[in-house]
Every structure is written in C-alpha cells, then in structure tokens.
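The analysis underlying the following values was restricted to heavy atoms, covering all of them including side chains, and did not include hydrogens, waters or symmetry mates.
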Amino acid sequence: MKGTEQKLELGLSSKNKLAMESEDSYLAAIKEVACTLVETTMRNVEEYFQNFPLQETEEKYMAQNITWTSCKDFNVELGMKQIEEYISKWEFHESWLHCIDFLKEEEVEFSKLYHYRTRWSIPTRRKPIPRATACVFFTIQISKIKPLTLPVEVFFIFESTRLVHRPGQSRFREKWLKDIIESKLIMMESITF
C-alpha cells in the first residue's frame with residue numbers, strides 16, 4: 001500500500017501538491033466555520049426556548065372542559081345541555097350549525113351508557129339544505145360500581161374515525177368536521193345514478 005502512495009506522490013508535481021494542500025486547508029476552514037455556525041445556532045435556540053413564555057401558549061392551546069354532573073344527578077336532558085355547554089367551548093367558525101339528538105340508553109355489566117349524536121353542517125343562502133353533514137357521537141357513562149357522587153365519564157368520536165376523545169384531553173379541530181364533509185362530497189361525486 002505504501003509503495004502505491006509513494007508512486008502517486010512521485011507522480012505529482014509540486015504545483016499539484018500545493019493545490020491539494022490548499023484545497024484541504026480550504027475544506028478544513030469551511031468545516032470549522034460550519035461547526036461554529038451550528039454551535040452558535042444551537043446556543044441561540046436553547047436560550048430562546050429557555051426564555052420562551054410557555055405559560056401563555058399552554059393556556060392558549062389547552063383542551064377545554066366543563067364540570068360534568070355527578071352520576072346521581074344525571075338525566076337525558078341534562079346530558080344534552082352539558083354536551084351543548086361543552087361544545088360551546090370549542091373553537092369553530094360561526095357558519096357551522098349543529099343539533100344534538102339522544103340516540104339510546106344502553107345497559108352494560110358495570111355501567112349505563114347514554115348515546116348522543118351531534119350533526120354539523122354549513123348551510124348557505126344558496127344551499128340551505130347541506131349536501132353532507134358530519135356527526136360527532138358522544139357517550140356518557142354512568143358507573144354502577146363507583147360512588148354516585150363522582151362525575152359522569154364522557155367520550156366522543158368523530159364519524160368515520162375510531163379515535164376516542166375525552167373532554168379536557170384533546171382539543172377540537174374544525175378541520176376534522178371539514179374533512180368528513182369533504183370526503184362525503186367526493187364520494188357522492190364519484191357515484192352516478
């Protein structure tokens with residue numbers, strides 16, 4: 001291996017050696033400047049986030065919730081009112097309209113489940129009857145084994161999804177409703193009668 005390197009060195013003129021050395025020193029200088037730049041940027045980012053007002057942003061983006069009624073005070077009408085109160089905490093454009101329907105009461109081994117549906121749409125003057133709606137299904141669970149003084153448990157899912165949301169743990173996104181309606185409209189356009 002050394003013999004090949006020596007032959008290469010002998011074959012290079014002093015001018016070529018000088019060019020390679022200056023190229024190596026040029027690359028080394030570029031690496032040094034790049035490392036300094038990265039280190040400075042990282043320090044600045046760390047300082048920025050250390051001084052960043054997290055409390056303001058956390059409050060702005062916190063998932064909203066309400067105080068849910070106790071199991072002993074619950075009834076179907078109160079459930080509808082509380083769902084309406086919870087929905088009023090969501091951030092959505094004023095053009096959205098919704099209605100709440102009680103679907104059914106279901107008795108399971110350790111609890112009673114009350115199922116509700118909220119239908120969402122954006123009616124307009126030109127189309128007061130929307131071509132598609134989006135549904136959010138709420139379930140209020142009353143435990144048979146926990147103390148009746150505890151609040152009800154609430155879960156909700158968006159139509160065509162399986163992700164179960166809980167009030168206070170996930171933030172509502174208007175985009176979720178828009179996506180449901182858009183997918184329904186795309187499907188209806190693809191079907192010919």
Side-chain angles (χ1 to χ4, degrees), residues 53-191 193:
L54 287 177
Q55 194 172 22
E56 237 176 67
T57 54
E58 285 176 5
E59 288 174 12
K60 184 178 178 184
Y61 295 111
M62 276 186 67
Q64 298 293 318
N65 200 358
I66 64 167
T67 304
W68 294 90
T69 188
S70 65
C71 293
K72 68 178 179 183
D73 297 331
F74 179 81
N75 61 45
V76 173
E77 291 78 27
L78 182 58
M80 289 176 81
K81 285 179 187 173
Q82 289 218 295
I83 291 170
E84 185 66 46
E85 182 184 350
Y86 174 65
I87 288 173
S88 71
K89 302 277 186 188
W90 290 357
E91 296 173 16
F92 53 88
H93 192 267
E94 61 189 24
S95 60
W96 284 97
L97 295 180
H98 68 276
C99 66
I100 302 174
D101 299 314
F102 174 70
L103 299 177
K104 66 178 180 176
E105 178 182 331
E106 181 182 0
E107 190 128 358
V108 291
E109 188 176 0
F110 298 111
S111 60
K112 271 188 178 180
L113 304 174
Y114 294 85
H115 299 276
Y116 298 85
R117 176 185 58 209
T118 59
R119 280 193 187 189
W120 295 80
S121 65
I122 305 177
T124 61
R125 287 184 184 183
R126 287 187 176 175
K127 294 183 180 179
I129 300 173
R131 292 183 57 207
T133 61
C135 292
V136 182
F137 298 96
F138 284 84
T139 301
I140 297 179
Q141 181 179 21
I142 311 290
S143 176
K144 292 179 183 177
I145 55 175
K146 292 182 182 176
L148 293 175
T149 54
L150 290 177
V152 296
E153 290 190 46
V154 183
F155 311 93
F156 61 97
I157 62 169
F158 288 82
E159 177 180 5
S160 74
T161 65
R162 288 195 227 171
L163 179 63
V164 178
H165 300 270
R166 299 186 91 172
Q169 292 183 359
S170 62
R171 233 177 111 226
F172 169 77
R173 304 280 193 277
E174 183 178 351
K175 183 184 181 332
W176 297 337
L177 297 175
K178 288 179 180 178
D179 289 347
I180 294 168
I181 289 178
E182 284 175 16
S183 65
K184 284 183 176 182
L185 292 175
I186 289 169
M187 185 192 68
M188 288 185 344
E189 287 172 4
S190 68
I191 297 173
F193 293 99

Stepwise side-chain contact (heavy atoms from CB on, under 4.5 Å) test for Val164 and Thr139: CA-CA 10 Å; Val164 178; Thr139 301; over 6 Å; no
Between Arg173 and Arg171, is there a donor-acceptor pair closer than 3.5 Å when you use the side chain of the first and the backbone of the second? yes
Does the side chain of Lys144 come within less than 4.5 Å of Glu107's, by heavy atoms? yes
How long is the straight-line distance from CZ of Arg131 back to CD1 of Ile122, given to the nearest 0.5 Å? 13.5 Å
Between Cys71 and Ser143, which heavy-atom pair has the shortest distance, and what is it? SG-N, 4.2 Å
Distance, nearest 0.5 Å, that separates CD of Glu105 from CD1 of Ile140: 11.5 Å
So which of Arg119, Arg117, Lys184 actually passes salt bridge (charged side-chain N to carboxylate O under 4.0 Å, His left out) with Glu159? Lys184
Between Gln64 (side chain only) and Ile87 (backbone N and O only), is there a donor and an acceptor less than 3.5 Å apart? no
Name of the residue among Tyr114, Phe156, Phe155, Tyr116 meeting ring pair (Phe, Tyr, Trp, His ring centres under 6.0 Å) with Phe138: Phe156
Do the rings of Phe172 and Trp120 sit parallel, tilted or perpendicular, given the 30° and 60° boundaries? parallel
What residues form a side chain to side chain donor-acceptor pair (under 3.5 Å) with Gln169, not counting sequence neighbours? none
Less than 4.5 Å apart, any side-chain heavy atom of Ile66 and any of Pro167? no
Does some side-chain heavy atom of Ile157 sit less than 4.5 Å from a side-chain heavy atom of Arg162? no
Contact check, side chains of His93 and Lys178, non-hydrogen atoms, under 4.5 Å: no
So, Trp90 versus His98, ring centres under 6.0 angstrom or not? no
Does the side chain of Glu106 come under 3.5 Å of the side chain of His115 through a donor N or O and an acceptor N or O? yes
Determine whether Phe74 and Lys112 make a side-chain contact, defined as any pair of heavy atoms from C-beta on separated by less than 4.5 Å. no
Using 0.5 Å steps for rounding, measure from the CD1 atom of Ile83 to the CH2 atom of Trp68. 6.0 Å
Just by distance, do the side chain of Gln141 and the backbone of Ser111 share a donor-acceptor pair under 3.5 Å? no
Closest heavy-atom pair and its distance - Ile100, Glu84: CD1-OE1, 3.3 Å
Between Phe137 and Leu103, is the side-chain contact (heavy atoms from CB on, under 4.5 Å) condition met? List the steps. CA-CA 9 Å; Phe137 298 96; Leu103 299 177; 4.1 Å; yes
For Ala134 and Ile180 the tightest heavy-atom approach is CB-CG2, 3.8 Å
Heavy-atom distance under 4.5 Å between the side chains of Met188 and Ile191, does that happen here? no
Minimal non-hydrogen separation, Val136 against Leu177, with atom names: CG2-CD2, 3.9 Å
For Ala132 and Ser121, work out which heavy atoms get closest and say how close. O-CB, 4.2 Å
The reported gap from OG1 in Thr69 to CD1 in Ile142 (rounded to nearest 0.5 angstrom) is 8.0 Å
Please indicate whether Ile129 has more than 12 foreign heavy atoms, meaning atoms of other residues, nucleotides or ligands, lying under 6.0 Å from its CD1. no
